[in-house]
Protein chains: 2
Amino acid sequence: MKRIIAQPLTAHAFAPFGEVLEAAGTPDKIINAGFCSRYHDRAQLDFGTDGRAGVSIFKAEPRTLPYRLDLLERHPDGSQAFIPMSMTEWLVIVATGDGPEPGAIHAFLAAPGQGINLRRGCWHGVLTPLHAPGLYAVVDRIGTTPNLEEFTLPDPVEVTASA
Amino acid sequence: MKRIIAQPLTAHAFAPFGEVLEAAGTPDKIINAGFCSRYHDRAQLDFGTDGRAGVSIFKAEPRTLPYRLDLLERHPDGSQAFIPMSMTEWLVIVATGDGPEPGAIHAFLAAPGQGINLRRGCWHGVLTPLHAPGLYAVVDRIGTTPNLEEFTLPDPVEVTASA
């Protein structure tokens with residue numbers, strides 16, 4: 001089985017797929033009399049012309065590494081942000097390509113405190129927490145279209161952590 | 001000093017101020033081949049006609065109870081959702097009233113895994129985590145107006161936990 005080693009999640013490495021949502025670097029604004037740093041407007045949200053933003057809560061079962069990947073999906077009509085509600089590592093799987101078939105698969109190990117926003121139409125694996133409780137807030141498109149395409153990999157891939 | 005005892009955060013008690021964002025009750029949808037529950041579209045987002053949704057990250061210094069409250073604020077042009085990125089209790093302070101002066105003050109102790117969405121214009125205290133890291137994702141209005149009103153309480157209030 002082909003093997004992919006999950007890389008550390010960084011804004012630079014993830015840029016082709018979307019944004020990393022984290023309190024990194026210099027805050028854009030200090031608010032609340034100095035008690036709070038605001039890292040402002042960090043996700044390129046895109047819900048098209050007939051969709052709107054919504055906040056949903058996802059509760060997913062934790063997985064273990066190595067992880068067997070056999071399915072990718074994408075949402076052609078909107079971006080999708082995942083915000084972990086626990087300070088735990090989790091696995092992010094994405095693939096290149098805008099067409100009906102995903103291209104090269106990339107895996108990232110998100111550190112505690114890192115969320116992501118997937119660009120509209122970005123191929124990705126399903127939500128894969130590595131620890132309980134597997135709780136995430138999801139900011140994605142609310143609309144009337146199915147907004148889901150799935151692609152079953154002809155050959156499953158094994159995703160591992162770096163040594 | 002007047003004292004307010006923080007109450008448990010429940011959807012019912014918080015309804016006058018907005019929504020509790022949590023994985024509670026029956027999920028709206030089971031996705032990802034049974035591995036994930038989706039609690040769908042749980043926040044009444046409202047960014048007016050000339051605003052848009054944005055995701056920002058807030059990092060706030062943890063506070064301790066009893067907490068001395070002397071300032072409330074509100075955002076007249078948009079709702080504001082706070083999603084904790086750690087599984088820790090935190091303090092939510094809100095007040096009734098739609099006018100330029102807040103009415104009755106209410107305090108809630110949010111349990112680990114509970115976020116909130118404040119209705120547009122709802123008077124509230126600044127972000128008050130009770131534990132490190134004080135990391136939150138905030139879904140609020142991105143726009144060109146100041147979108148901030150502040151009210152200094154003539155008499156500070158002490159917020160405590162229940163015994």
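Naming: A, B, ... by sequence-line order, numbering from 1 per chain. Note that the coordinates shown come from a computational prediction; the quantities given were computed from them, not determined experimentally.
In this structure, chain B has a heavy atom under 4.5 Å from the side chain of A:Pro133, while its backbone stays farther away. Residue contact with chain B, scored on non-hydrogen atoms closer than 4.5 Å, involves the side chain of A:Ile31 exclusively. Contact of A:Asn117 with chain B is not made at all, since no heavy-atom distance falls under 4.5 Å.
Under a hydrophobic clustering in which Ile, Leu, Val, Met, Phe, Trp and Tyr are joined whenever their side-chain heavy atoms come within less than 4.5 Å, directly or via other members, B:Val126 and B:Phe151 fall into the same cluster. Both B:Val157 and B:Tyr67 belong to a common hydrophobic cluster when Ile, Leu, Val, Met, Phe, Trp and Tyr are linked at side-chain heavy-atom distances under 4.5 angstrom. Both B:Ile93 and B:Leu153 belong to a common hydrophobic cluster when Ile, Leu, Val, Met, Phe, Trp and Tyr are linked at side-chain heavy-atom distances under 4.5 angstrom. When hydrophobic clusters are built by joining Ile, Leu, Val, Met, Phe, Trp and Tyr residues whose side-chain heavy atoms come closer than 4.5 Å, directly or via intermediates, B:Val138 is not grouped with B:Trp123. Hydrophobic cluster membership is shared by A:Tyr136 and A:Phe108, with clusters built from Ile, Leu, Val, Met, Phe, Trp and Tyr side chains linked at under 4.5 angstrom.
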List the steps, then state whether side chain to side chain contact (heavy atoms under 4.5 Å, CB included) holds for B:His40 with A:Ile142. CA-CA 9 Å; B:His40 182 71; A:Ile142 308 296; 3.6 Å; yes

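Using a cut-off of 4.0 Å between Lys/Arg side-chain N and Asp/Glu carboxylate O, A:Asp41 and B:Arg52 are scored as salt-bridged.
In terms of heavy-atom pairs under 4.5 angstrom with chain A, the leader among B:Ala43, B:Ala53, B:Pro27, B:Ser86 is B:Ser86. With chain B as the partner, the residue from A:Glu150, A:Gln44, A:Glu61 showing the most heavy-atom pairs under 4.5 Å is A:Glu61. Per-residue heavy-atom pair counts under 4.5 Å with chain A were compared for B:Ser37, B:Gly54, B:Gly134, and the maximum is reached by B:Ser37.
Judged by a 6.0 Å distance limit and a 45° cone about the ring axis, A:Arg63 is positioned over the six-membered ring of B:Phe35.
Contact annotation: the side chain of B:Glu73 approaches that of A:Asn32 to within less than 4.5 Å [non-hydrogen atoms, C-beta and beyond]. In this structure, the side chains of A:Leu45 and B:Val55 come closer than 4.5 Å at one or more pairs of heavy atoms. Side chains of A:Leu21 and B:Met85 form no contact here, defined as non-hydrogen atoms less than 4.5 Å apart. For the pair B:Ser56 and A:Arg42, the minimum side-chain heavy-atom distance is 4.5 Å or more. Using a 4.5 Å heavy-atom cutoff, the side chains of A:Met87 and B:Leu135 are in contact.
Taking a 6.0 Å sphere around CG of B:Asp98, one finds it holds 12 or fewer heavy atoms contributed by other residues, nucleotides or ligands.
From B:Leu127, atom CG reaches atom CZ of A:Arg38 across 11.0 Å, with rounding to the nearest 0.5 Å.
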